[in-house]
Amino acid sequence: VAEALTCGAVPAVNPVAGLAYRVRERVNGYHINIKEPSVAARQLAAILDDQAGLAELARHGREAVAAERLPEAVALATKNVYRKIMHNGP
C-alpha cells in the first residue's frame, strides 16, 4: 500500500489488519464494506465521482509516505527502537 500511496493511488480497502492502520478513512484512502456488494458498489461509485477529493487524498498519501521515508525520520524511529530495548529489554 505504501508504494501505491507514493505513486498517488488512492486505495479503497477492506479495513483489516495493517490495511486499517495504513489507509485512514478519507485522509489518504477509503474503507470499503465488502460484506455488502451493493453497498461497496455505491461507495466505489461515489469515490470515483469525486475527482477533487481523490486528488486531495492522493496528495495526503504521497506526503505521509515521503515523510516516513525521510532519512531523519528513519533514523529517529531506529533510535527509538534501540532506546526502548535498552530501557525495557527486547
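Residue numbers start at 1 and run along the sequence shown.
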Discussion item. Ignoring hydrogens, what is the shortest heavy-atom contact between A64 and R24? Give both atom names and the distance.
Written reply: CB-NH2, 4.3 Å
Worksheet, complete the sentence: Residues G8 and A58: closest non-hydrogen pair is O-CB, 3.2 Å
Practice prompt. Calculate, to the nearest 0.5 Å, the distance between atoms CG and CG belonging to L76 and L70 respectively.
Written response: 11.5 Å
Worksheet item: Are any non-hydrogen side-chain atoms of P11 and L5 less than 4.5 angstrom apart?
Response: yes
Discussion item. Quick one, I32 and V13 - any side-chain contact, counting heavy atoms below 4.5 Å?
Written reply: no
Item to complete: Give the minimum heavy-atom separation between A67 and A73, together with the two atoms involved.
Response: O-CB, 3.2 Å
Worksheet entry | Spatial distance of atom CG (L44) from atom OH (Y30) [nearest 0.5 Å] | 10.5 Å
Practice prompt. Spell out, as yes or no, whether a donor-acceptor pair under 3.5 Å connects the side chain of H60 to the backbone of G29.
Written response: no
Discussion item. Could you report the tightest heavy-atom contact between L19 and N14, atom names first, then the distance?
Written reply: CD1-O, 3.7 Å
Practice prompt. Could you name each residue pair satisfying salt bridge (charged side-chain N to carboxylate O under 4.0 Å, His left out) that touches residues 25-46, not counting sequence neighbours?
Written response: none
Discussion item. If you define the side chain from C-beta out and look only at heavy atoms, does anything of R83 sit under 4.5 Å from N80?
Written reply: yes
Practice prompt. Kindly state each residue pair satisfying salt bridge (charged side-chain N to carboxylate O under 4.0 Å, His left out) with at least one member in residues 60-80, sequence neighbours excluded.
Written response: R22-E68, R59-E63
